[in-house]
2 protein chains.
Amino acid sequence: MRISQLAAATEIPVATIKYYLREKLLHEGVLTSATQARYDDSHVRRLKLIRALIGTAGLSISATRQVLLGLENPPESGHDLLGIAHHAVTRTAPDDVDLSPAQRLLDRWGWGAETCDRDTQAALVDALHGLSDAGFDAPAALLDRYAAAMRDIAAADVESVPTDSAEAAMRHVVLGTLLMEPVLLAMRRLAQQSASFQRFGEAES
Amino acid sequence: MRISQLAAATEIPVATIKYYLREKLLHEGVLTSATQARYDDSHVRRLKLIRALIGTAGLSISATRQVLLGLENPPESGHDLLGIAHHAVTRTAPDDVDLSPAQRLLDRWGWGAETCDRDTQAALVDALHGLSDAGFDAPAALLDRYAAAMRDIAAADVESVPTDSAEAAMRHVVLGTLLMEPVLLAMRRLAQQSASFQRFGEAES
DNA sequence: TTGACTTGGATAGTCGCACTCGCCAATATT
DNA sequence: AATATTGGCGAGTGCGACTATCCAAGTCAA
């Protein structure tokens, strides 16, 4: 398969494929001469994955590269799988952030603050900050309900990881974490619409 | 308060405040002369809100403008409040998308497909497409668990809407929807880390 | 074999977005 | 009066993700 056919098969412009090659998101084809290379199914699959990560999950080029690198070099520890996915979507926190608001919550929920990633905790603190800056005070009871729901989801996530192959586990964890986020957000919105209709909407329109 | 003091109070550069004024995100101050205007607390609060929407919720300038416009002109119907928030984070779908995958799910979950927004359904379809393009098949049982969790969350969202003032309800719905998303995602990641540690991590490091 | 087409590789250009800068005449402040 | 600040506005910047153009080398149909 040559590059123009690869482009046709994936509906991605040739120029963009060349760009992904330059950026090392896509592995090179087999050179058959100085100006000719062959591509195969692995390139098609990889391109679909790249587009899902960039388009659906909203990752940047460099975050995508990190994720793909991680997928190719699976870490030993099962627990580190998550790190690859989480690191891709979490900006690194400065040294001087105050994590205590997050840690109070983690303690209350029994999530073991010491086992949780610093940057992820900082992301929670940041997000809560955004809320209060906007003048929105989230009652503790509401956060507790959210936390309970998220614990269910995380339990489902972890339970559904296949144990047979490290390769499969890797893919599952990373993709399930990153690509499921938009699914979950869309679900929440639909559930809100459904609930809101039952509560407010029956009467009108 | 003049613009430089407003800038100092919010830690936003004067040039940026001027930009927000141009973009109609921030209402004008009271002109005291041709080259002088006064600002007050309402401007400080508004700027914090703007930064939360742009920074924390990740909205674009124009989406932020829509949201702020909506906050100032509350719709009659309680059910339309959500529309403002959801429209800001959901790109409009082309006419020819096939919503049936979403509708099958909505039916199964009893969420009343006909009461749900087209664009939001399309967002779900898109997100699911991303998953399968990446070669990740989400078992129906897993999606069902996610849906149950999201129904809990949406129920909490809807129940916590204050009923006393339309103004307050408006703020609550819009901000609770938009600014809570990053909170929920951070919670999920932390819950995953906690669950993953209990499942895989006990032994090592 | 020959002439039109394609390719890999590299460089440069585009586009949208969110700012950021510079300037100026008209005030304010001291 | 001297100095600093402001509103308003046009232009510039930096970044990220492409997109376009070239060219020499190679391929393919006739």
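Computed from a predicted structure; not experimentally measured. Below, chain A is the first sequence line, B the second, and so on; all start at residue 1.
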Test your reading of the model: is there a side-chain donor-acceptor pair from T90(B) to the backbone of H86(B), 3.5 Å cut-off? yes
Would you say a side-chain N or O of [X] is under 4.0 Å from OP1 or OP2 of [N]?
{"X": "S33(B)", "N": "dA28(C)", "answer": "yes"}
{"X": "T16(A)", "N": "dA17(D)", "answer": "no"}
{"X": "Y19(B)", "N": "dC9(D)", "answer": "no"}
{"X": "Y39(B)", "N": "dG7(D)", "answer": "yes"}

Nearest-nucleotide wise, let me know which of A15(A) and L21(B) is further upstream toward the 5' end of DNA chain D.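 The residue mapped nearer the 5' terminus is L21(B).
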Nearest heavy atom decides the nucleotide; on that basis, is R22(A) or T32(A) closer to the 5' end of DNA chain D? R22(A)
Take L49(B) and R171(B) through the test side chain to side chain contact (heavy atoms under 4.5 Å, CB included) and record every step on the way to the result. CA-CA 11 Å; L49(B) 175 54; R171(B) 267 188 91 75; 4.2 Å; yes
Near-strand residues of residues 47-60 of chain B, defined as heavy-atom separation under 4.0 angstrom from DNA chain D: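 Listed by number, there are none.
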hbond_proxy R38(B) side chain to dT27(C) base (donor-acceptor, 3.5 Å cutoff): no
Closest approach to the side chain of S4(A), judged atom by atom: which nucleotide of dT7(C), dA26(C), dT5(D) is it? dT7(C)
Contact class for R2(A) vs. all strands (heavy atom < 4.0 Å): base, sugar-phosphate, or nothing? sugar-phosphate
